[in-house]
Structures are given as C-alpha cells and as structure tokens.
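So you know, we letter chains A, B, ... as the sequences are listed, proteins then strands, and number each from 1.
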Amino acid sequence: MGEEAKYILAVITTDKNKVTGAVPIFIADSEEEKEKTALFLAKTLDAMVHDLENGIYFIVRH
Amino acid sequence: MVIILSGTLAGILTRVLLLKLDYRQYPGYPHGYISHFSLGAIASALGAVAVPALMNKDFTAFTFLALAAQQFREIRNIERQTLENLEETRLEKRGKDYIEGIARTFEARNYLVMGTAFITSIAAMLAGIWAAVAMALILIFFSKTFMAGKNIGDICEVIPGQVNFKKSLLCVNEIDFMSVGLPEVRRKIMQEALGVMIKPKDDNARATLHDMGQRMAITHTAALVMGSKKEVDIPEFTPLARKNPDTGEVALYIMPVEKDMASLILAVQRTPLLESARVKPLKTQAGRIAAD
C-alpha cells in the first residue's frame with residue numbers, strides 16, 4: 001500500500017501509434033482481443049489492469 | 001498467606017476478563033491464551049508478594065518488580081515479531097500501527113494486573129479480606145471500563161455510500177479509488193461491492209482518519225468480519241479506504257463475501273481506535289483557531 005514500488009509490466013493497445021518505450025507492448029486487433037489479452041496477462045502476473053480511456057490498457061503490479 | 005492469595009486471585013481474574021476474543025481477533029488460539037494467562041499469573045503473584053515483603057522492611061522486593069517490568073517489555077517485542085511475521089502472508093494487512101497497538105496493549109495489561117494484585121494485597125492487609133474483595137471489584141471494573149479504549153464509532157459517523165464508476169474510475173460517492181480496466185470486473189464490482197462513508201465528527205477525528213495505519217486497521221477489520229473476495233491474482237478486490245482531501249471524510253470500498261450493509265457499518269464502527277493514530281489538534285491553541 002504505497003510502500004512498494006509500482007511497475008508498468010505491459011501495455012495492451014489497439015492503436016500502436018500511441019505507445020512506445022521499454023515495456024512489452026501487445027497490439028490487439030479488436031476490443032475483445034484487448035480485454036482477453038489484458039485479463040490473461042493480469043492473471044499470470046498477479047497484477048491489475050488499468051484503463052487510460054484512450055484505447056490503451058496497462059498492467060501494473062501494486 | 002491470605003494477603004498474597006487475595007492479591008494473586010484478583011490479578012488473575014483481571015487478566016482472564018481482559019483476555020476475551022474481540023474485534024482484534026487475537027490471540028485466537030489456545031496456546032496464545034495459555035502464555036498470556038501464565039504471564040498474568042506471574043505478574044499478579046509478584047504484585048501480591050511485594051506487600052508482605054515490604055511490611056518486613058524487605059525493600060529489595062521492589063527490584064523484583066523492576067525485573068518483571070523488563071520481562072513484560074520482552075513480551076511486547078515477541079508479540080510484535082510474531083504479528084509482523086504473520087503479516088507477510090496476509091491478504092489484508094493489519095498494518096504496523098495496529099500491530100504496535102496490540103503489542104503495547106499486551107504489555108500494559110500485565111502492569112495493570114500487577115497493580116491490581118498489589119493494591120488488593122494492601123487492602124487485605126490493612127482492612128481484612130472483605131475490603132480486599134471490594135477493592136478487587138473496583139479495580140476490575142476500572143480495568144474493564146476505563147482501559148477499554150475507543151472505537152471508530154465514537155468519533156465518526158458511518159453511513160452507507162454508493163459504489164459507482166466514472167468511466168473506468170471506481171468511486172464511492174465522490175471519492176475516487178482507482179482505475180479498473182476490465183469491463184467484466186467493473187460489472188462484478190457494481191453488483192457485489194459495498195461502500196461506506198466515514199465522516200469525522202470533529203477536527204480531532206479528522207486528524208485520526210488522516211493516519212494510514214488507522215485506515216488499514218479499518219479495512220483489515222472490515223475484511224475480517226465480512227469476508228473479502230480478494231485473491232492473489234485479483235488485486236481489484238482489495239478493500240481500500242481513501243480520503244477526500246477537501247473534507248477529510250474517508251470512504252471504504254470492499255468486495256465482501258457477505259453483502260450486508262448493516263453489519264459492515266457495525267464492523268467499521270467497532271474498529272478499535274489506534275493509540276498511535278489518535279491525535280488531538282483541538283487541544284492546542286493553534287488547532288482551535290484553525291478550527292473556526
């Protein structure tokens with residue numbers, strides 16, 4: 001709770017022009033695929049999916 | 001002999017009555033009870049024995065009390081370590097403040113027991129067995145009522161709150177908590193989550209709710225009593241308490257196993273007020289001026 005560092009573990013997007021940088025980026029073809037990828041990644045990484053509300057999901061370990 | 005016995009019995013009785021399982025849910029196992037019961041018995045015997053020793057002008061008896069105090073401090077360290085070790089595997093953390101509070105209470109209760117035994121022994125010696133009984137009853141009553149500590153319900157108003165979403169942002173009333181990305185999870189939260197608002201009654205209460213340790217104690221108690229749907233791979237369901245920075249009100253969000261608003265409110269109200277979180281800005285002149 002605020003004590004541990006937070007990390008962006010992955011970014012999932014349908015628009016590859018909006019993301020760049022040194023994180024794993026997953027590009028999805030549709031909204032369904034984006035949600036499914038995000039869910040699988042979050043479950044595997046014990047992390048949480050957040051929504052930037054511009055078509056980008058990112059996964060953070062809290 | 002009667003003097004020592006009456007003091008010891010009064011002390012042990014105090015310890016037993018203070019050892020009830022409450023909202024702290026600790027100690028919840030027989031061995032915990034036994035170790036605290038035995039320590040209480042030792043403390044009361046020490047307190048009771050000191051009186052006849054003093055009557056024989058054996059003043060070194062007091063050094064034994066100092067020795068006992070050293071032991072009790074040790075108990076506090078052991079309790080703290082145990083609870084901190086257990087904390088690592090807990091999904092809803094107690095928080096360091098709560099642990100410190102529990103450890104301190106265990107230490108203080110032994111002093112209380114020792115004092116009860118000491119004073120009861122004095123009464124037995126000066127005025128006989130019936131005076132000792134009366135004194136013991138008064139002291140036990142004192143320990144039960146004045147040392148009980150306050151609850152959140154004493155300083156705050158707890159009312160139902162509305163869990164809602166501003167797009168992907170999870171809110172209880174106007175206080176936002178976090179962004180929840182997956183629509184599936186959002187639907188589940190809308191159906192099953194509960195939220196309450198904790199409104200401080202005055203500036204002292206507001207300063208207490210400002211303490212993160214106190215808020216962790218609230219979420220811990222709520223999750224313990226109501227059950228929580230949180231799992232290692234579902235951080236979305238972590239119970240949270242967040243403050244409205246403008247008003248100082250705190251909102252609690254929880255995914256309970258038992259969806260019952262009335263019992264959630266009761267659980268929050270009965271959360272113990274941590275000594276370390278309790279501050280009283282209204283006791284200072286500057287605080288009173290600022291409160292206007």
Discussion item. Need one label for B:L169: side chain, backbone, both or neither, based on atoms under 4.5 Å from any heavy atom in chain A.
Written reply: backbone
Discussion item. Taking side chain as everything from C-beta outward and backbone as N, CA, C, O, which of these in B:R186 sits under 4.5 Å from a heavy atom of chain A? Side chain, backbone, both or neither.
Written reply: side chain
May I ask you to check whether over 12 heavy atoms, not counting those of [X], lie within 6.0 Å of atom [atom1]?
X: A:K36; atom1: NZ; answer: no
X: B:Q162; atom1: CD; answer: no
X: B:K243; atom1: NZ; answer: yes
X: A:E33; atom1: CD; answer: yes

Worksheet item: Of the non-hydrogen atoms in A:Y57 and B:G181, which two are nearest, and what is the gap between them?
Response: OH-O, 3.1 Å
Item to complete: Of all the heavy-atom pairs spanning A:D46 and B:P235, show the shortest one and how long it is.
Response: O-CG, 4.3 Å
Worksheet item: When rounded to the nearest 0.5 angstrom, what distance separates CE in A:M48 from CG in B:D233?
Response: 13.0 Å
Discussion item. Keeping A:H50 on the side-chain end and B:S179 on the backbone end, is there a donor-acceptor pair under 3.5 Å?
Written reply: yes
Discussion item. Under 4.5 Å from any heavy atom of chain B, what part of A:E35 do you find: side chain, backbone, both or neither?
Written reply: both
Response to the item:
For residues 254-262 of chain B against chain A, heavy atoms under 4.5 Å, the residues are none
Item to complete: Taking the side chain as every heavy atom from C-beta outward, state whether A:H62 and B:M178 have any pair of such atoms under 4.5 Å apart.
Response: no
Discussion item. Do A:D51 and B:K167 make a side-chain contact, defined as non-hydrogen atoms from C-beta onward lying under 4.5 Å apart?
Written reply: no
Worksheet item: Can you pull out the residues in residues 19-30 of chain A with any heavy atom less than 4.5 Å from chain B?
Response: none
Worksheet item: Between A:V60, A:I59, A:L52, A:V49, which shows the greatest number of heavy-atom pairs under 4.5 Å with chain B?
Response: A:V49
